[in-house]
Participant: 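Below is the structure I would like to discuss, written out as structure tokens.
Numbering of ligands and ligand atoms starts at 1, following listing order.
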Amino acid sequence: MTQYTPEQSSVVLAIGGIDPAGFSGLQADIKALHSIGAHCYTVPTAMTAQPAQAGEPAQVYPVSTEEFVAQLNACLSHERPSAIKVGLMPNQGLAIALKNWIGEHNLTEIPVVYDPVFANTLNKSLLVDPPQVIVERLLPITTLMTPNLLEAALWSEQIATEDADLSKPETFARQWRKAGAQQILVKGGHSDDSSSTDSNMVSDYFIGLGTGGPQAFWVSTPKLPLNQPCRGTGCSLASLIAGMMGFGYSAADAVVIAKQRLQEALFAPLSFGEFLKPNFQAIKPATISSTEAAQIPLEKLPSVHFPSQPYHFNFPSCGDSPLGLYPVVDSAEWIERLLSLGVTTIQLRAKNLKGEALEREIQSAIAIAERFNTRLFINDYWELAIKHGAYGVHLGYEDLQTADLHQLEKHQLRLGLSTHCHYELAHALSVKPSYVASGPVFHTNTKDMPWRPQGIDGVSYWRKLVDCPLVAIGGLNESHFKALCEAGADGIAMITAITHAKDAEGTTQRFMDIIKSAVNETYDQKTL
Ligand SMILES: Cc1ncc(COP(=O)(O)OP(=O)(O)O)c(N)n1
Ligand SMILES: Cc1nc(C(=O)O)sc1CCOP(=O)(O)O
Ligand SMILES: [Mg+2]
């Protein structure tokens with residue numbers, strides 16, 4: 001599994017055209033990247049002249065291959081870039097030169113975000129060679145492509161199979177993947193089609209590698225009532241994605257964070273002449289720390305959902321009393337032991353049972369929890385949880401692909417969801433669960449985790465994003481309880497600290513007391 005470990009700095013090599021009017025191309029890249037604290041190298045592929053008047057074509061003056069490579073080398077003589085963003089690539093000669101340069105300098109591990117600019121927002125062509133040949137050259141070095149619907153269509157028409165429906169972003173995305181794109185975000189900003197998405201939202205379709213394997217999802221932000229054409233949004237989005245990938249975020253995470261930041265810059269767009277442009281000055285400037293660059297001062301994360309339909313769920317609440325100490329155990333026997341001490345939230349995480357034995361264990365656990373009037377969550381086995389009338393289920397991100405959320409909602413089970421990164425959180429929040437779990441807070445020996453522990457700061461940050469109860473999990477023990485309560489955790493979940501304790505009963509009692517007084521102290525501090 002890839003481990004995504006955010007770095008302290010992001011240096012993006014932005015390659016693209018110069019738009020002297022300052023709306024798009026490298027000028028837009030610089031503004032977007034500076035807003036997240038990334039450094040931006042700028043290597044022009046062409047000077048352009050893009051008149052405002054609709055009738056006049058754009059002029060494109062590509063640099064020579066020699067000039068291009070000399071600029072790339074000059075950048076490389078400073079620090080090695082942590083991501084590359086490619087915008088306007090006007091001809092295949094420069095595309096080949098870039099591909100060779102990346103190979104010759106062993107830069108193939110660096111993520112490349114390619115925004116295939118074929119024409120500007122005013123639909124003026126900016127290419128000297130046909131788009132197909134340029135894209136073909138760049139596909140092998142590209143980590144993530146970000147075409148808009150028109151660009152995607154232009155290419156897809158060349159490669160589409162006969163039965164392909166070319167009116168939908170998801171069709172294009174699949175076509176491009178077949179043609180060799182590793183990961184792709186088809187931007188739906190030009191779409192009139194609202195059949196698969198909410199018409200008040202702009203929805204982009206992502207297919208790529210998530211932390212646990214291939215992912216496909218829609219990522220949507222509210223449609224803004226802009227009264228003039230807005231320029232430079234595609235360049236800015238691709239730059240923000242490259243910047244976040246440069247900080248070490250996965251493509252899926254970078255897309256979610258970048259969409260949010262662009263959305264924020266578009267809430268108060270700057271108007272210049274006939275056009276608008278994203279207002280990155282309106283965003284709280286990010287510092288050079290990667291976590292802070294991702295820390296969105298927040299409107300809201302974009303909504304993320306799987307390819308079927310947007311979600312309209314509302315799972316029941318877990319009640320008014322705080323979730324508190326939340327032991328995660330593997331048997332009904334443990335549940336009986338801990339509930340008799342007064343534990344009010346507990347989870348059955350039975351990884352070693354199957355078939356009838358598993359079903360019996362779940363049934364007993366539910367019967368015990370009912371006797372103690374306790375919130376019992378069943379991990380993984382949502383069908384058995386429904387069948388035996390459990391209080392709730394806890395699901396991981398992968399389970400969302402298979403679990404029938406409609407059935408869970410229909411039977412009024414509470415739903416807890418694990419989250420570890422931005423796109424998982426964006427997805428979880430779209431489901432409106434009963435609680436969100438955030439982990440791993442610290443290193444855990446209980447299971448392999450592809451995510452860097454996020455620490456207490458990560459819990460505080462999640463708290464700002466999450467509008468339902470928040471549960472912290474991963475490597476937790478009593479030394480963390482006070483800080484976790486101050487950070488806003490409603491529940492503190494753990495396995496080892498209780499199940500491996502010499503005196504599990506005594507330990508649990510002490511943990512409950514500490515959490516109770518930490519919750520009271522935090523409450524007092526907030527109300528003073
Ligand atoms: C409270 C809580 N948070 C997170 C998890 C992890 O659940 P999941 O992602 O389903 O992983 P497994 O527990 O199945 O390994 C949890 N169980 N409880
Ligand atoms: C099961 C589990 N899920 C996690 C997550 O981050 O989603 S961390 C974790 C293990 C928790 O065990 P312990 O308290 O022994 O560290
Ligand atoms: Mg699970």
Participant: May I ask you to check if ligand 1 and K447 share an N or O to N or O distance below 3.5 Å?
Facilitator: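 Between K447 and ligand 1 (N or O atoms, distance only) the closest approach is under 3.5 Å.
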Participant: With nothing but distance in play, are any N or O atoms of E398 less than 3.5 Å from an N or O of ligand 1?
Facilitator: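 The answer is no, given that E398 and ligand 1 share no N or O pair closer than 3.5 Å.
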Participant: Counting only heavy atoms, which portion of I495 has something under 4.0 Å from ligand 2: side chain, backbone, both, or neither?
Facilitator: both
Participant: If the cut-off is 2.8 Å, does any N/O/S atom of N379 fall short of it from the Mg ion (ligand 3)?
Facilitator: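 Given the 2.8 Å cut-off, N379 counts as a ligand of the Mg ion (ligand 3).
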Participant: Is G475 close enough to touch ligand 2? Criterion: a residue heavy atom under 4.0 Å from a ligand atom.
Facilitator: yes
Participant: Between Y326 and ligand 1, which part of the residue brings a heavy atom under 4.0 Å of the ligand: side chain, backbone, both or neither?
Facilitator: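 It is the side chain that gets close, since no backbone atom is under 4.0 Å.
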Participant: Determine the sole option in H427, H422, H420 for which the side chain to side chain donor-acceptor pair (under 3.5 Å) test with E424 is passed.
Facilitator: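 That would be H420.
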Participant: For R349, counting its heavy atoms only, list the atoms of ligand 2 lying under 4.0 Å from any of them.
Facilitator: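 So the answer, numbered in order with elements, is 1 (C).
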Participant: Return the residue, atom name and 0.1 Å-rounded distance of the protein heavy atom closest to atom 7 (O) of ligand 1.
Facilitator: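 Nearest protein contact, heavy atoms only, for atom 7 (O) of ligand 1 is S418 OG, 3.0 Å.
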Participant: Could you walk me through whether D253 and M244 pass side-chain contact (heavy atoms from CB on, under 4.5 Å), step by step?
Facilitator: CA-CA 8 Å; D253 247 9; M244 295 318 301; over 6 Å; no
Participant: Report yes or no: does D380 have an N/O/S atom closer than 2.8 Å to the Mg ion (ligand 3)?
Facilitator: yes
Participant: Please report whether ligand 1 has a polar contact with N379, defined as an N or O pair separated by less than 3.5 Å (distance criterion only).
Facilitator: yes
Participant: For atom 18 (N) of ligand 1, which protein heavy atom lies nearest, and how many Å away is it?
Facilitator: Q347 NE2, 2.9 Å
Participant: Geometry only, no angles: is L395 polar-contacting ligand 1 at N/O separations under 3.5 Å?
Facilitator: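 So ligand 1 has no N or O lying under 3.5 Å from an N or O of L395.
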Participant: Show your reasoning for whether salt bridge (charged side-chain N to carboxylate O under 4.0 Å, His left out) applies to D490 and R463.
Facilitator: CA-CA 10 Å; D490 302 285; R463 179 67 281 170; 2.8 Å; yes
Participant: Who's closest to atom 4 (C) of ligand 2 heavy-atom-wise, of Q454, K447, M449?
Facilitator: M449
